[in-house]
Student: 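Mind having a look at this structure? Questions to follow.
Position 1 is the first residue of the sequence; numbering continues from there. Note that the structure is predicted; figures quoted are calculated from it, not measured. We use all heavy atoms of the structure for the numbers below, so side chains are in, but hydrogens, waters and symmetry mates are not.
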Amino acid sequence: IVEEVWRHVFARHLPVCCGINAEHVVSKTTQLEHRSLPAAGITSTSTNPEDADTLSRKAVESLDRLRTALISTLKEQLPLAITSVTGTSAGLRYTSLCPPSPHPMLQDSFVQKYSGKQISLLAAPLAVVAVVEGGGKWPKAAAAIQKLKLAFLLRLAELLSSKMKVKSIPRDDALDILQNGFIFRLRILSDMEVEQRLIPPASRDDDPLMVYPRQVVESNVVYPLYCNAIKALHAQFPTFASSVRLFASWVHGHYFTGAIPHEALELLVASVYLDSDSGSAPTCPSAGFRKALVRLASFDWDNTPLVVDFT
C-alpha cells in the first residue's frame, strides 16, 4: 500500500523525471538483497528480488525457442546437424549480477512504446555454444575448419532470415542472433577430434592421462556440464542465484572485479548449499551470502582443494 501511495504521488507531481506511472522509480527495502543488488535486478513495479530471476527466465525461454528451431525446425536445411545448444553466459544461469533484459530497440513495438524517450544503444550479447556433428565431413587443416564453421554460420543466418524471420549478424567466429530483444552470440563446436586440430601444438595443455588436450575437454565436455549443473542447482534451491548475485556484488564492491572468475563465485556459494555437514541449505539469499563469506574466510585454501559434489 505504501508503495502504491508514493508511486501515485510521484506520477502526479513529477511525471517528467519519474514517468507517467512512476516507472522510472525503483523501490528497495532494508533487506540485504534489496540494498546490495543493482536496481536492474528489480522491476519498476515490484520490490521482489525474484524479479531478477524473471528477467533471466525470459532470456532462457527465448533461448529454448531458438534451440528448438536449430535442432528440429532447420535440421533438414543445414549441412551438418546441430546436436545440442547450451547457454554459457552467467545471465542464462540466473547468476549474473546484472540479469539480461530485452533491449527496446530489438523489439517490434519499439517506435510506439519508446517514442521520445532516451534509450541506451548498448546491448550485452549472451554467449551460446552449438555443438554440431563431427565425422569425415570436416577437413584436416585448421584454417579449413575455421572457414567451414564460418560457412555454416552464414548458411544458418540465411535460414533464420528466410524461414523464421529472425535477424542475425555474422561475425568472424560467431553469429549474433537477435530474438525477442536479446542478442545470442552463437559459436560452433564440433566433436573433440575436430576441435583439437584447431589448437597449435605449442599451445596445447596436454595431459598424459587424457586422450585429448585439456582445452578441448573443458570447452566440449566440462563447461556445458557445469552450466547445466548450476541451472539445476538454481531449480533445486530458489535462493541460490540471489546468493551468488549478492556475493558477486560484495566482490565487485571490494575491487576484486576480474581477479576472481564468476565461476569461482558460483562454486563457492554452491559448496554452501550442497554442504551435507551444515544440516540444511540456506533459506534466504542473505543467509547463503553470509555462509559463503564465512567459508571464504575460514577455508584452508593453501592445503585443501574445495570439492563441490553436484551429484
Side-chain angles (χ1 to χ4, degrees), residues 31-34 36-38 40-41 48-57 59-61 63-64 84-100 126-129 214 217-254 256-311:
Q31 295 180 5
L32 180 61
E33 50 266 33
H34 284 178
S36 301
L37 292 178
N48 186 356
E50 292 300 319
D51 287 337
D53 290 346
T54 302
L55 292 174
S56 295
R57 190 176 299 112
V60 171
E61 291 173 352
L63 177 60
D64 290 339
S84 66
V85 177
T86 304
T88 58
S89 174
L92 298 174
R93 301 195 297 266
Y94 299 88
T95 61
S96 176
L97 181 58
C98 297
L126 301 173
V128 177
V129 172
R214 185 179 299 274
V217 176
E218 290 180 352
S219 62
N220 283 53
V221 180
V222 177
Y223 202 68
L225 289 176
Y226 166 78
C227 294
N228 292 331
I230 292 296
K231 289 179 62 177
L233 193 62
H234 168 70
Q236 182 180 358
F237 302 106
T239 63
F240 166 73
S242 296
S243 296
V244 175
R245 289 194 292 269
L246 272 176
F247 195 41
S249 177
W250 179 86
V251 168
H252 298 331
H254 286 76
F256 290 120
T257 303
I260 304 177
H262 189 76
E263 291 80 3
L265 306 181
E266 292 174 331
L267 289 172
L268 183 58
V269 178
S271 68
V272 171
Y273 276 82
L274 296 174
D275 188 4
S276 58
D277 297 334
S278 61
S280 60
T283 57
C284 65
S286 57
F289 167 65
R290 292 188 178 97
K291 287 189 175 182
L293 283 182
V294 171
R295 175 147 299 179
L296 177 66
S298 60
F299 191 80
D300 185 10
W301 298 102
D302 292 332
N303 303 309
T304 307
L306 179 63
V307 179
V308 183
D309 187 3
F310 287 96
T311 59

Student: Mark yes or no for whether Arg245, through its side chain, and Tyr94, through its backbone, hold a donor-acceptor pair below 3.5 Å.
Tutor: yes

Student: Ser243 and Pro285: which non-hydrogen atoms are nearest, and at how many Å?
Tutor: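 That closest heavy-atom pairing would be OG-O, 3.1 Å.
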
Student: What distance separates Gln236 CD from Phe310 CZ, expressed to the nearest 0.5 Å?
Tutor: 10.5 Å

Student: Do Tyr273 and Thr239 meet the criterion of a side-chain donor-acceptor pair at a distance under 3.5 Å?
Tutor: yes

Student: Kindly determine whether His234 and Glu266 satisfy side-chain contact (heavy atoms from CB on, under 4.5 Å), including the steps that lead there.
Tutor: CA-CA 11 Å; His234 168 70; Glu266 292 174 331; over 6 Å; no

Student: Set out, in order, the CA-CA distance, both residues' side-chain angles and the distance that settles side-chain contact (heavy atoms from CB on, under 4.5 Å) for Val222 and Val217, then state yes or no.
Tutor: CA-CA 6 Å; Val222 177; Val217 176; 4.2 Å; yes

Student: Nearest heavy-atom pair of Val272 and Pro282: which atoms, and what distance?
Tutor: CG1-CG, 3.9 Å

Student: Does this structure show an ion pair linking Arg295 with Asp275, if we count only N-O contacts that are shorter than 4.0 Å?
Tutor: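 A salt bridge links Arg295 with Asp275.
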
Student: Can you see whether Thr95 engages His262 through a side-chain donor-acceptor pair at a distance of less than 3.5 angstrom?
Tutor: yes

Student: Judged by atom type as modelled, is there a donor-acceptor pair below 3.5 Å linking the side chain of Trp301 to the main-chain atoms of Leu296?
Tutor: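 Looks like yes, one N/O pair under 3.5 Å.
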
Student: Out of curiosity, Arg93 CZ to Thr86 OG1, how far, rounded to the nearest 0.5 Å?
Tutor: 11.5 Å

Student: Looking only at heavy atoms, which two atoms of Ser219 and Pro224 are closest? And how far apart?
Tutor: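 Scanning both residues, the minimum pair turns out to be O-CD, 3.5 Å.
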
Student: Name the orientation class of the two ring planes belonging to Trp250 and Phe247 (parallel below 30°, tilted from 30 to 60°, perpendicular beyond 60°).
Tutor: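 Aromatic pair Trp250/Phe247 classed parallel.
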
Student: For Phe256, does the CZ atom sit with more than 12 other heavy atoms under 6.0 Å from it, leaving out its own atoms?
Tutor: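 It does not: Phe256 CZ has 12 such atoms or fewer within range.
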
Student: Looking at every heavy atom in both Asp53 and Pro238, which two are closest together, and how far apart are they?
Tutor: OD2-O, 4.0 Å

Student: Could you grab the distance from atom CG of Leu63 to atom OG of Ser56, nearest 0.5 Å is fine?
Tutor: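 Nearest 0.5 Å value for the CG-OG distance: 12.0 Å.
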
Student: When you look at Lys291 and Val294, which way does the side-chain contact (heavy atoms from CB on, under 4.5 Å) test go after all the steps?
Tutor: CA-CA 5 Å; Lys291 287 189 175 182; Val294 171; 5.6 Å; no

Student: Taking all non-hydrogen atoms of both residues into account, name the closest pair between Leu267 and Tyr226 and its distance.
Tutor: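 The pair with the smallest heavy-atom distance is CD2-CE1, 3.6 Å.
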
Student: Roughly how far, to the nearest 0.5 Å, is OG1 of Thr88 from CD1 of Ile230?
Tutor: 13.5 Å

Student: Nearest 0.5 Å please: distance from the CG atom of Leu233 over to the CZ atom of Phe237.
Tutor: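 Reported to 0.5 Å precision, the distance equals 6.0 Å.
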
Student: List the atom of Ala270, the atom of Val308, and the distance in Å for their closest heavy-atom pair.
Tutor: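 So the minimum-distance heavy-atom pair works out to CB-CG1, 4.1 Å.
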
Student: Any chance you could measure Leu293, atom CG, to Leu268, atom CG, to the nearest 0.5 Å?
Tutor: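 Leu293 atom CG to Leu268 atom CG measures 8.5 Å (nearest 0.5 Å).
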
